[in-house]
Amino acid sequence: MCRTKKSTSVVEPRNRNRNRNTKRNMHANNSHPQPTRTLTSSSSNYESSTSDVPITESRSYVYDNTKNRDWSKSSSISSRASLSSLKDTLPENPNIYNFSEISAATSNLSTPRLSSSSWRCFIRDRDVVVFQRKFRRQFDLSELRHRLALICRSHHSSLVKLLGASISGNYIFLVYDFVPGASLVDCLRNRRNPSFTDLSTWTSRMQIASDIAHGLDYIHNSSGSGFVHNHIKSSSIVVAEDNFSAKICHFGTSDLCGEAVGEVSGARLDRSGSRTVRFEGTRGYMAPEFQVTGVATQKTDVYAFGVVVLELLSGDEAVRFEFDDDGSYKRVSVVETARVAVEENGGARKWVDKRLRDSFPMDVAERMIRVGLECVEDDPNKRPDMGRVSIEVSKLYLESKKWAENMGTDIDLSVSLAPR
């Protein structure tokens, strides 16, 4: 989990005993030593030694000849310049890691992997996950650092924090905080015991839906540049073990790797200026227009969120294959089954995950299903934006909590996410 950053100490000015009869005391107040702290990167290819700017405002006092024994104060120009550069010295600046640090921490990328392209390790005394991605296009170094700074300065409780990055050849290594917990996939569908789920209460699933909605709304509307995640899926969401809150992983990978994002029908096709780039999305989460253009937008994120919501409600995979009557395989989509369920009388109750044992508010469940289906509309213009979605999901979550209190079925947070 994220460690609490130490706040910068505010240096209080000493009490000044002014002597109104002389000017000697006036000038004595202008020089006052301030403690400084040096932030230095440990990587050999990027070092920065910058003293922290004192928070206290330096002041100059000017004698006013028009008023006897009257003083006026004004902020010095140098002070304003120093305060404007304060943000560049804060700990939120991205860490630029030498690849030798990444290699040493992961035993030359041979440490047991969390996935095919990620490793858990310790770097600079911090428990982290290193995620490897290939550049889709070449970046100017200044542009890459600007994007990295924007993403690293983004803070939200529903996002796994990006700490910094390293570059080696055609690959970028992104360093994220490690969050103890399990992926949403494993929480919903236990591989060893399909009849068991860590998310055994309705409110636990609604909490996760609300967390994801707020995190994605932040990415789209509040993170600084209107980012697109482009990798929303149940395997990219971690459920924290301490409080069962949901956190979105891999925020920033799409933007830092140069994946094509933008408006499909607008003048700005993507951030690289080209529509020739194609990406293989995750089966079941790709919006129809993405499959045609290969261009990711905020509306493709909304589509993927809708699929995740329907997974949460049903417990089913986004896409699965079943035997047909004639012995062949047929493709079953959670989107298609949800659409059928809302059209049938009583179909929604049958469709919701049976492991919840019918213990959920039916009216809230039906409205939540419709929220998910609105997000997966084939026409991207008919999909809501995440701001509206997050508000609606929050309302349904609060109604679910009230229902749980009345029923005496509060969330059980004592469940372990350890393998079963």
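What you see is a predicted model, and the numbers here were worked out from it, not measured in a lab.
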- Item | P380 side chain near R383 side chain, heavy-atom distance below 4.5 Å | yes

- Exam field: side chain S103 to backbone F99, donor-acceptor pair closer than 3.5 Å: no

- Donor-acceptor contact present, side-chain R113 to main-chain W119, <3.5 Å: no

- Any donor-acceptor N/O pair, S183 side chain to D186 backbone, under 3.5 Å: yes

- Item | Euclidean distance, I212 CD1 relative to L159 CG, rounded to 0.5 Å | 11.5 Å

- Heavy-atom side-chain proximity of V307 to V335 below 4.5 angstrom: yes

- Message: For H220 and D385, which I'm curious about, is there any donor-acceptor pair between the side chains at under 3.5 Å?
- Response: no

- Query: Tell me, do L174 and V130 make a side-chain contact under 4.5 Å, heavy atoms counted?
  - Reply: no

- Message: What I want to find out is whether E311 reaches R189 closely enough, with some N-O distance under 4.0 Å, to be called a salt bridge.
- Response: yes

- Query: By side chain to side chain contact (heavy atoms under 4.5 Å, CB included), which residues pair with Y171, not counting sequence neighbours?
  - Reply: Q132, K134, F173

- Message: Looking at S400 and L396, would you say the former's side chain and the latter's main chain have a donor-acceptor pair under 3.5 Å?
- Response: yes

- Item | H250-F131 aromatic ring centre distance below 6.0 Å | yes

- Message: Applying side chain to side chain donor-acceptor pair (under 3.5 Å) to H214 and S394, what does each step give before you reach the verdict?
- Response: CA-CA 9 Å; H214 285 292; S394 294; 2.6 Å; yes

- Is the side chain of Y303 donor-acceptor paired with the backbone N or O of E289 at a distance under 3.5 Å, no angle test? no

- Item | Side-chain (S110) to main-chain (S107) donor-acceptor, under 3.5 angstrom | yes

- Query: Just checking, is any N or O donor in the side chain of T253 or H229 under 3.5 Å from an acceptor N or O on the other one?
  - Reply: no

- Is N98 reaching over with its side chain to a backbone N or O of E101, donor-acceptor style, under 3.5 angstrom? no

- Is it the case that Y397 and E392 place a side-chain donor and acceptor less than 3.5 Å from each other? no

Cut-off 3.5 Å, no hydrogens considered: what does the side-chain donor-acceptor table look like for residues 371-379, sequence neighbours left out?
| from | atom 1 | to | atom 2 | distance (Å) |
| --- | --- | --- | --- | --- |
| D379 | OD1 | N381 | N | 3.0 |

- Message: Under 4.0 Å between a side-chain nitrogen and a carboxylate oxygen: does that hold for D177 and R126?
- Response: yes

- Task: Hey, could you give me the CG/CG distance between N230 and D301, rounded to the nearest 0.5 Å?
- Result: 6.5 Å

- Item | Gap between atom CZ of F290 and atom OG1 of T293 - 0.5 Å precision | 7.5 Å

- Indicate yes or no for a side-chain donor-acceptor contact from S390 to the backbone of M386 under 3.5 Å, with no hydrogens or angles considered. yes

- Do F244 and I208 have side chains that get closer than 4.5 Å, going by heavy atoms? no

- Message: For the residue pair R205 and F360, would you count it as a cation-pi contact if the rule is NZ or CZ under 6.0 angstrom from the ring centre and within 45 degrees of the ring axis?
- Response: no

- Task: Check whether any side-chain heavy atom of T111 lies under 4.5 Å from a side-chain heavy atom of C121, and answer yes or no.
- Result: no

- Query: Taking the six-membered ring of F321, is the NZ or CZ of R331 close enough (under 6.0 Å from the centre) and on axis enough (within 45°)?
  - Reply: no

- Task: For D211 and A246, indicate whether the former's side chain and the latter's backbone hold a donor-acceptor pair under 3.5 Å.
- Result: yes

- Going from CD1 on I102 to CG on N108, what distance comes out if it is rounded to the nearest 0.5 angstrom? 12.0 Å

- NZ of K247 to OG of S157: how many Å apart, nearest 0.5 Å? 5.5 Å

- Task: Please examine the side chains of F305 and V389, heavy atoms only from C-beta on, and report whether any two atoms are closer than 4.5 Å.
- Result: yes

- Message: Is any side-chain heavy atom of Y176 closer than 4.5 Å to one of V128?
- Response: no

- Task: Over all heavy atoms of both residues, which pair between V352 and A365 is shortest? Give the atoms and the distance, please.
- Result: CG2-CB, 4.5 Å

- Task: Verify whether one side chain among S118 and S115 offers a donor that lies under 3.5 Å from an acceptor in the other.
- Result: yes

- Indicate whether any N or O donor in one side chain lies under 3.5 Å from an N or O acceptor in the other, for T337 and W351. yes

- Query: Any side-chain heavy atom of N406 sitting closer than 4.5 Å to one from K402?
  - Reply: yes

- Message: Could you tell me if S204 and T201 have a donor-acceptor pair between their side chains, going purely by distance under 3.5 Å?
- Response: yes

- Query: Atom OG in S314, atom CG in L356: separation rounded to 0.5 Å?
  - Reply: 10.0 Å

- Side-chain donor or acceptor of D358 paired with backbone N/O of K354 under 3.5 Å: no

- Message: Can you tell whether the side chains of E143 and R147 come within less than 4.0 Å, N to carboxylate O?
- Response: yes

- Message: Going by side chain to side chain contact (heavy atoms under 4.5 Å, CB included), name the residues that satisfy it together with K330, two or more places apart in sequence or in a different chain.
- Response: E322, D324, V332

